[in-house]
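The structure appears right after this line, and notes come after that.
Chain letters run A, B, ... following the sequence lines, proteins first, then strands; residues in each count from 1. Model, not experiment: these values are computed from the prediction.
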2 protein chains.
Amino acid sequence: MQDIQLSLTEEDYLKAIFNITEKNRGTASTNDIASSMQTSAAAVTDMVQRMASRKLLDYEKYKGVKLNSVGIAFATQLIRKERLWKVFLHQKLGMDWDKLNDAAEQLKHINTIEVIRKLELFLGSPKYDPHGEPIPNADGRFTLRNQTSLFNLRKTDRAKVVAVRNQSSSFLQFLDDCGISIGSQIEVLQEIDFDLSKRIMINDQTSIVFSSKICQDLYVKQLN
Amino acid sequence: MQDIQLSLTEEDYLKAIFNITEKNRGTASTNDIASSMQTSAAAVTDMVQRMASRKLLDYEKYKGVKLNSVGIAFATQLIRKERLWKVFLHQKLGMDWDKLNDAAEQLKHINTIEVIRKLELFLGSPKYDPHGEPIPNADGRFTLRNQTSLFNLRKTDRAKVVAVRNQSSSFLQFLDDCGISIGSQIEVLQEIDFDLSKRIMINDQTSIVFSSKICQDLYVKQLN
DNA sequence: GCATATATTTAAATTAGTTTAAAAATAAAG
DNA sequence: CTTTATTTTTAAACTAATTTAAATATATGC
Ligand SMILES: [Mn+2]
Ligand SMILES: [Mn+2]
Ligand SMILES: [Mn+2]
Ligand SMILES: [Mn+2]
C-alpha cells in the first residue's frame, strides 16, 4: 500500500465508513458515522475534514462522505485483517463465535504485512470468517456468493446457513442454543402469515419457530 | 487485574521502565526512559508525573521513577503477552527470530484476557520465548534459570545457548549465519587475551572466533 | 567552595481527538 | 411558501502526548 501511516482512530473511521457506505449507495452521513463510532456528530465532522485533507476520503459540507480509492484500499485491508484474525481466534484458539469481535477489532490494527501474509497461509487461506463474512484477498477482492436471507424463503424451501447478519453476542448465543451454525441445513416447514414468522426444521432434527427479525438476520444459500 | 484502563503509551512506558529498573537496582532515570522511548526528557517528566498521579508508579522530583506493585503487575502482564505472541509468530507462523519484535510490540497491547489464556494453551504453555527470555505465568511469576554470558566461560568449557541479550536484527541474522540458535552446543576452543575474543566450536561442527561483544550478548548454560 | 557540566523540570506551543453549546443549513409538513 | 424539525457545522474548551527552549537542580572537578 502507500506509505501513509494511519492512526488507530483513522483506521476505525475508515472501517465504519466503509461498512456504512456498503448499505447507503456509496455515501455515509455524519450522524450515521457518529452513531457507529459511538461519538458526537461534531467529532465526526472534524475528523472527516482532517481525513479529507489527508486524501483518505471525499467530503463535501452537508453532503456526507464517500471513500476514495485510497480509503477503500485501506478499509478493505483492515476488514481482511480483522476477519483473518477472527478465523484464528475461532479455529485455532477455540473461542466461541459470540466473543470474537472485541479481540479482532484490536487485532485488525496490527500493522506488519508479513504477519498477515503468514497468518493467511497458517489458516489455509480461508474465504469466509466464522460469521460467514467474505475475507478479501491480498488485492482487496471479495469472493461474492449468492445468498438470501431466510426471510425470503417459502414453505418447503431447503437451504444451508452461510452467514449471520447480526453479530450481537445475544443473537449468536441464541443460535448456538438452537444448534445453528454456519453450514447448518434448514427447511421451512410453515410460514405464519400473522407475524411473518416461520417454523423451521434444523438439520432434519429439531423444529423451531423463528420470528421475522431472526429470519432477516440469517443468510442462507438455497438448495436445489 | 484492576479495572484501570491504560493507554497504549502508558503501556509502553511501563514496559520500558520495568526493563530499565531490572538493571538499575529498582530505579529508572528520566533520561534512560527518554532514550528507551525515543522521546524527549521533557515528555518523560510530564508523562511520569501523570502516571504517578494515576498510582502506576512512584515519582520523586530529580530522584527518578520506581514502579509500585500496580505498575509491576501491569508491566509483567505486558511482557507475558509480548513473549507469548513472539512464540506464536515464530513457531506457528514461521517468522524468523530477527523479525519478531516489531509485531509482538503491537500484539502486546491486545487486551482480551481470554485470548491470552487460550493462546498460552494453544502454544503449550511455553516457559521461554524464541529469544530465550522467560515468559511470566498468569500470576506474573518468572521461571528463573541459572545462566551466564559466554564471555565468562573459559577454555574447554562446554555450554548450551539459552538466550540472546542483544535482539537487534543484525545480531540475530549474524547468529543465524553462524548456525547458532537457542539450544546450540558450544565449546570454548581458545581464549584470545589480546582482545578477549574467543574461538568457539559450534555443535561440534564449525569453529569461529567471537568478539568479546558477541560473547557478552550470548547467554549460555554451562554443561558439567 | 566555586565553576562547570550534566540531568531534570518547567513553560509555552502544537497536534489529534474529543465534548457541549450555539449557529447554520437542509429536510419535512402543513 | 413558510414554519418547524432534523442534521450538520462551527466555536470554544478540554485531555493526552509531544516538542523546543529556558530555568533549575544535581553532580563533578579542582
Ligand atoms: Mn480500533
Ligand atoms: Mn478543527
Ligand atoms: Mn506500543
Ligand atoms: Mn504538564
Side-chain angles (χ1 to χ4, degrees), chain A residues 4-17 20-21 23-67 70-71 74 78 105-106 108-109 111, chain B residues 4-17 20-21 23-67 70-71 74 78 105-106 108-109 111:
Chain A
I4 304 172
Q5 258 301 97
L6 302 184
S7 70
L8 300 195
T9 310
E10 286 174 321
E11 294 194 332
D12 286 339
Y13 270 85
L14 281 181
K15 183 194 146 194
I17 294 167
I20 293 167
T21 53
K23 283 152 199 167
N24 292 14
R25 52 195 160 70
T27 177
S29 76
T30 301
N31 266 356
D32 284 353
I33 299 170
S35 85
S36 160
M37 294 289 297
Q38 310 221 72
T39 188
S40 67
V44 171
T45 299
D46 199 66
M47 189 68 187
V48 298
Q49 285 176 350
R50 264 177 294 120
M51 290 173 77
S53 80
R54 295 195 65 191
K55 314 274 186 210
L56 297 170
L57 47 79
D58 295 332
Y59 167 73
E60 230 182 325
K61 261 193 198 178
Y62 296 103
K63 298 267 175 73
V65 158
K66 286 186 214 304
L67 292 189
V70 177
F74 274 116
L78 288 163
E105 194 290 319
Q106 302 168 57
K108 81 167 187 296
H109 296 296
N111 212 1
Chain B
I4 304 173
Q5 258 302 96
L6 302 184
S7 69
L8 299 195
T9 310
E10 285 174 320
E11 294 194 331
D12 287 338
Y13 270 84
L14 281 181
K15 183 194 146 195
I17 293 167
I20 292 167
T21 54
K23 283 153 199 167
N24 292 13
R25 51 193 161 69
T27 178
S29 76
T30 301
N31 266 356
D32 283 354
I33 300 170
S35 84
S36 161
M37 295 288 297
Q38 309 222 74
T39 186
S40 67
V44 172
T45 299
D46 199 67
M47 188 69 187
V48 298
Q49 285 175 350
R50 264 178 294 121
M51 290 174 76
S53 80
R54 294 194 66 191
K55 313 274 186 209
L56 298 171
L57 47 79
D58 295 332
Y59 167 73
E60 230 183 323
K61 262 193 197 178
Y62 296 103
K63 298 268 174 75
V65 158
K66 287 186 212 304
L67 292 189
V70 177
F74 274 116
L78 288 164
E105 194 288 319
Q106 302 167 58
K108 81 168 187 296
H109 297 295
N111 213 1

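Out of C/dA11, C/dT8, D/dT9, the shortest distance to the side chain of A/K61 is found at D/dT9. In this structure, of C/dG17, C/dT26, C/dT9, it is C/dT9 that holds the atom nearest to the side chain of B/A41. The side chain of A/A42 lies closest to C/dT20, out of C/dG17, C/dT20, D/dT8. When each of C/dT18, C/dT10, D/dT10 is scored by its nearest atom to the side-chain atoms of B/T45, the top-ranked nucleotide is C/dT10. Of the listed nucleotides (D/dT9, C/dT18, C/dT10), D/dT9 has the atom at the smallest distance from the side chain of A/T30. Among the nucleotides C/dT19, D/dT20, D/dT8, the one closest to the side chain of A/T39 is C/dT19. The A/S40 side chain lies nearest to C/dT20 when the options are C/dT9, D/dT9, C/dT20. Side-chain proximity of A/Q49 to C/dG17, D/dT10, C/dA24: nearest is D/dT10. Nearest to the side chain of A/E10, among C/dT9, C/dG17, D/dT9, sits C/dG17. Among D/dT9, D/dA17, C/dG17, the nucleotide with an atom closest to any side-chain atom of B/S7 is D/dA17.
Applying the side-chain contact (heavy atoms from CB on, under 4.5 Å) test between A/L67 and each of A/D58, A/L14, A/I20 identifies A/L14 as the sole match.
Using a distance-only test at 3.5 Å, with no hydrogens or angles considered, a donor-acceptor pair links the side chain of A/T21 to the main chain of A/I17.
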